[in-house]
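In listed order, ligands and their atoms are each counted from 1. Note that the coordinates shown come from a computational prediction; the quantities given were computed from them, not determined experimentally.
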Amino acid sequence: MAALLEIRALSRTFGGLFAVSDVDLDVNPGEIHCLIGPNGAGKSTLFKLVMGTYTPTHGSIRFDGEDITQMPPFRRVNLGMSIKMQAPSVFRALPVWQNVHIALQRRVPRRLLAAEEGRLLDLLGLAAEAARPAGELSHGQQQWLEIGMALALQPKLLLLDEPTAGLSPEETFRTGELVKRLAQAGMTVMVVEHDMDFVRQIATRVTVLHLGKIFAEGSVEAIVADPAVAEIYLGTPHANADS
Ligand code: ADP
Ligand code: MG
């Protein structure tokens, strides 16, 4: 099986310091691939390199068989990538349905818009909130709306940067069920996450990043049982301290 995303020898420096250093990583079709690691490990930078927000200092990225290393972000989106960034950015003054509508317009013909809108709001568990301004939603609901806006682009690869930051355990669990449903429907998902219960709930594979480098990779069970992985977290601020 060919990987959907192939990252090779990828590096990115800021002012001479390596934020991402010589990373090789494959993301296979249909998997939920979790990226974990202490604060400053380079997780968000790696995501931004994949999306094209940053260009690499060195190395290459292939997506769906195409070299995208130098491709601008909008072309990557057209190829089937979509990202939910760490900070939510819904249109707070607009009703929930209109947020979804705006996101769907890019891909969905007008005659199918209403049906797609309904399907997406159901999937997100937001059908009852459709008429409310998005800014009135709970933090969790805003995160789901934002995931929905990324989904509206009908991506092959969905990138989620800390989708459970600031969520209650109940909201976190529901987010996990949503992600699993997407994968069951054939989507490939890459997730940056701190919450190990959440990682346990969803991950088919885990990659640990430390000081910009791949530190370990394997099943959740193997990663959780690895004493070297536990060690790199010691003395490091945990959940939600990331920026
Ligand atoms: P993580 O998401 O794993 O917490 P980041 O990718 O945000 O880590 O950061 C990795 C390292 O790169 C950190 O040392 C951070 O300070 C640095 N860094 C990230 N983005 C920039 C930037 N735009 N300019 C300078 N340094 C940056
Ligand atoms: Mg980050």
Side-chain angles (χ1 to χ4, degrees), residues 5 7-27 32-61 63 68-70 72-73 76 81-90 139-140 142-143 146-147 150 157-167 171-172 175-176 179 189-200 202-203 205-218 220 223-224 226 228-243:
L5 186 71
I7 297 173
R8 292 294 176 269
L10 198 70
S11 296
R12 167 73 202 212
T13 56
F14 291 110
L17 297 172
F18 281 88
V20 167
S21 176
D22 199 24
V23 164
D24 290 319
L25 182 66
D26 280 349
V27 178
I32 302 175
H33 196 123
C34 287
L35 193 59
I36 67 169
N39 284 331
K43 306 178 296 292
S44 292
T45 302
L46 184 58
F47 259 31
K48 287 172 185 164
L49 288 166
V50 170
M51 269 319 287
T53 316
Y54 295 151
T55 49
T57 312
H58 184 82
S60 68
I61 309 173
F63 176 63
I68 62 162
T69 312
Q70 301 298 333
R76 301 182 196 212
M81 269 188 198
S82 192
I83 191 168
K84 192 204 85 64
M85 304 292 284
Q86 231 173 298
S89 60
V90 297
H139 181 64
Q142 287 189 29
Q143 294 278 356
E146 183 122 12
I147 292 174
L157 177 65
L158 177 67
L159 302 159
L160 302 173
D161 196 350
E162 300 201 17
T164 73
L167 300 196
E171 289 173 326
T172 297
T175 305
V179 170
V189 188
M190 199 173 169
V191 188
V192 166
E193 189 53 55
H194 277 287
D195 182 332
M196 284 309 291
D197 287 336
F198 183 70
V199 171
R200 254 187 256 260
I202 64 170
R205 207 146 56 95
V206 179
T207 295
V208 184
L209 213 58
H210 182 44
L211 303 173
K213 290 185 173 11
I214 303 280
F215 185 81
E217 191 170 298
V220 189
I223 293 298
V224 168
D226 186 341
V229 171
E231 200 158 311
I232 63 171
Y233 278 100
L234 287 178
T236 311
H238 202 54
N240 304 338
D242 199 9
S243 60

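- Checking only distances, A19 never comes within under 3.5 Å of ligand 1, N or O to N or O.
- With rounding to the nearest 0.5 angstrom, the CG atom of D161 is 6.5 Å from the CD1 atom of I83.
- Nearest heavy-atom pair, I232 versus F215, reported as atom, atom and distance to 0.1 Å: CG2-CZ, 3.6 Å.
- The A41 neighbourhood of ligand 1 comprises atoms 1 (P), 3 (O), 8 (O), with distances under 4.0 Å to a heavy atom of that residue.
- Here the shortest heavy-atom distance to atom 8 (O) of ligand 1, taken over G42, G212, P38, belongs to G42.
- A side chain to side chain contact (heavy atoms under 4.5 Å, CB included) with V20 is found for exactly one of T13, L49, T57, namely L49.
- Without hydrogens or angle criteria, R12 side chain to L46 main chain gives no donor-acceptor distance under 3.5 Å.
- Across the listed options T13, D161, T45, T45 owns the non-hydrogen atom lying nearest to atom 9 (O) of ligand 1.
- Residue contacts with ligand 1, taken as heavy atom pairs separated by less than 4.0 Å, do not involve F47 at all.
- Between E171 and T164 there is no side-chain heavy-atom pair separated by less than 4.5 Å.
- Those atoms of ligand 1 that come under 4.0 Å of a heavy atom in N39, given as number and element, are 4 (O).
- Coordination check, S44 versus the Mg ion (ligand 2): passed, since an N/O/S atom of the residue sits under 2.8 Å.
- A salt bridge links R8 to D26: at least one charged side-chain nitrogen sits closer than 4.0 Å to a carboxylate oxygen.
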